[in-house]
2 protein chains.
Amino acid sequence: LIVTRELTKVYAMGDVQVHALRSVSLTIRSGEYVAIMGPSGSGKSTLMNLLGCLDTPTSGAYYLLGEDVSTLNDNQLSEVRNRRIGFVFQTYNLLPRATALHNVQLPLLYAHRVSRAEARRRALDALQQVGLSDRAEHRPRELSGGQQQRVAIARALINNPDIILADEPTGNLDTQSGAEILALFDRLNELGHTVILVTHDHSVAARCKRVVQLLDGRVVSDELNNAS
Amino acid sequence: LIVTRELTKVYAMGDVQVHALRSVSLTIRSGEYVAIMGPSGSGKSTLMNLLGCLDTPTSGAYYLLGEDVSTLNDNQLSEVRNRRIGFVFQTYNLLPRATALHNVQLPLLYAHRVSRAEARRRALDALQQVGLSDRAEHRPRELSGGQQQRVAIARALINNPDIILADEPTGNLDTQSGAEILALFDRLNELGHTVILVTHDHSVAARCKRVVQLLDGRVVSDELNNAS
Ligand SMILES: Nc1ncnc2c1ncn2[C@@H]1O[C@H](COP(=O)(O)OP(=O)(O)OP(=O)(O)O)[C@@H](O)[C@H]1O
Ligand SMILES: Nc1ncnc2c1ncn2[C@@H]1O[C@H](COP(=O)(O)OP(=O)(O)OP(=O)(O)O)[C@@H](O)[C@H]1O
Ligand SMILES: [Mg+2]
Ligand SMILES: [Mg+2]
């Protein structure tokens, strides 16, 4: 499903080079449940942005569903991002002037495949799944941090994507709300969705079936979770 | 030091009223080390914004260092915010077009009490304390989530404030970086600073001397930590 070959990302800052990702080669099959861990600044979000086709590598290759992503044109890339991938950003990236309901509907409206009434119905359902039915009309600045995070999660799931990429999805959630979100991801994985989570929380990683550790832009460990 | 009496915050959303905080009465003495916990949406950030003089209550009173905050004029309020309180926001609130170094210096330059050279020196020192000496020239979007969080922490500490209010300061940090930040807060508390942290992490709350639990905008528990 996902194959990266020596994926590298270097940022040039004046005469200094920041090696955010160094030659990462990973294979993730359809239906896997993977946790990506590592210190702050080790390259996790950089990797997620590349896997989500939101960024392009400096060198190396990324094959998604058998296709070399670098050969896809803009329309094909945006089709993949909208229909095959659900992305939960570390900083949510909600539209500040749209309500929670509208933010969640956006991927559906963009895909042009459901009526406005159906998009609204599905968005309300997604909000209910993350415990936010009574916050549908709030705008992001009228929501708590954890509520904004949950809106971002609902939005990522609305198109029923094959692959869910979630960057620290429980970072701002208490144990109970976090457990509800993880139970949701568990269910989606049981239904066959591929789930890749970045987390700093060992108890979150323990629920995944495989843990990949990054350090300074490299993969330093890639182990199956025996406990699960 | 800090006394709130029936502090209440209600948001009017059309004909619905959101009771973010309901009649919270708390006393926090100088030098205390308090953790504030509670579910997502329970009113923690709302309370922190009131304590930090960033917002005003709908009703109730807030006495800070013996003064009724509602009687202070804008200049006095901004003086308190700048010199007595260090605030780490849940969403960092860094200036997007300023470097990490400049973001950290801002409270010092605003206080007009040190030279630019001294402000720069102290900001570099603060960045070093949070492990980011080599990221001084990066702008927020050139920093990882946890690095942005640490810049926000360094900025809150630069004026050596009496009171540190930190809203989820380790939410985006791995165990190691989080431990370094908490060790920094422990040291500041030993030096006499009052530290109030919002956290969802029980292991973070365990290091504080007192834990206040919120639920639906009310204080439901307020206990000393026997372990410490
Ligand atoms: N401007 C606003 N208008 C309407 N409701 C608001 C506004 N700001 C916050 N709220 C509501 O007030 C409640 C408390 O919000 P607050 O941000 O204090 O929660 P919190 O405890 O910090 O949550 P989290 O742990 O998710 O950060 C939430 O239910 C939120 O939806
Ligand atoms: N646009 C950029 N320009 C320069 N350096 C960058 C840029 N974006 C990221 N970096 C650097 O690349 C490194 C990896 O960043 P990344 O966001 O992937 O880390 P991360 O593992 O997600 O960290 P965290 O756990 O703190 O979110 C960091 O050291 C960061 O400073
Ligand atoms: Mg990150
Ligand atoms: Mg909050």
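Naming: A, B, ... by sequence-line order, numbering from 1 per chain. If you're wondering where the values come from, they're calculated on a predicted model, not measured in any experiment.
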Using a 4.5 Å heavy-atom cutoff, which residues in residues 87-106 of chain A come close to chain B?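 Within residues 87-106 of chain A, the residues under 4.5 Å from chain B are A/Q90.
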If you check every heavy atom in residues 173-189 of chain A against those of chain B, which residues fall under 4.5 Å?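 So far as heavy atoms go, A/L173, A/D174, A/T175, A/S177 are the residues that approach chain B to under 4.5 Å.
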What is the minimum heavy-atom distance between A/R150 and B/S40, and which atoms define it?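 A/R150 and B/S40 have their closest heavy atoms at NH2-OG, 2.8 Å.
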Might you confirm whether atom CZ of B/R81 has over 12 heavy atoms from other residues, nucleotides or ligands at distances under 6.0 Å?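 Yes, CZ of B/R81 has more than 12 neighbouring heavy atoms, counting only those of other groups under 6.0 Å.
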So does A/R22 have more than 12 non-hydrogen atoms from other groups sitting under 6.0 Å from CZ?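 More than 12 within 6.0 Å, yes.
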Can you tell me which of A/E168, A/M13, A/E142 forms the most heavy-atom pairs within a distance under 4.5 Å of chain B?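 It is A/M13.
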Most heavy-atom pairs under 4.5 angstrom with chain B, which of A/S45, A/G14, A/P39?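 Option with the top pair count is A/P39.
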Is it true that a side-chain atom of B/H200 and a backbone atom of A/N172 form a donor plus acceptor pair closer than 3.5 Å?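 The answer is yes, because a donor-acceptor pair under 3.5 Å joins these two groups.
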Are B/H138 and A/V18 side-chain neighbours, meaning at least one heavy-atom pair lies under 4.5 Å?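 When only atoms from C-beta onward are counted, A/V18 and B/H138 do touch, with a gap below 4.5 Å.
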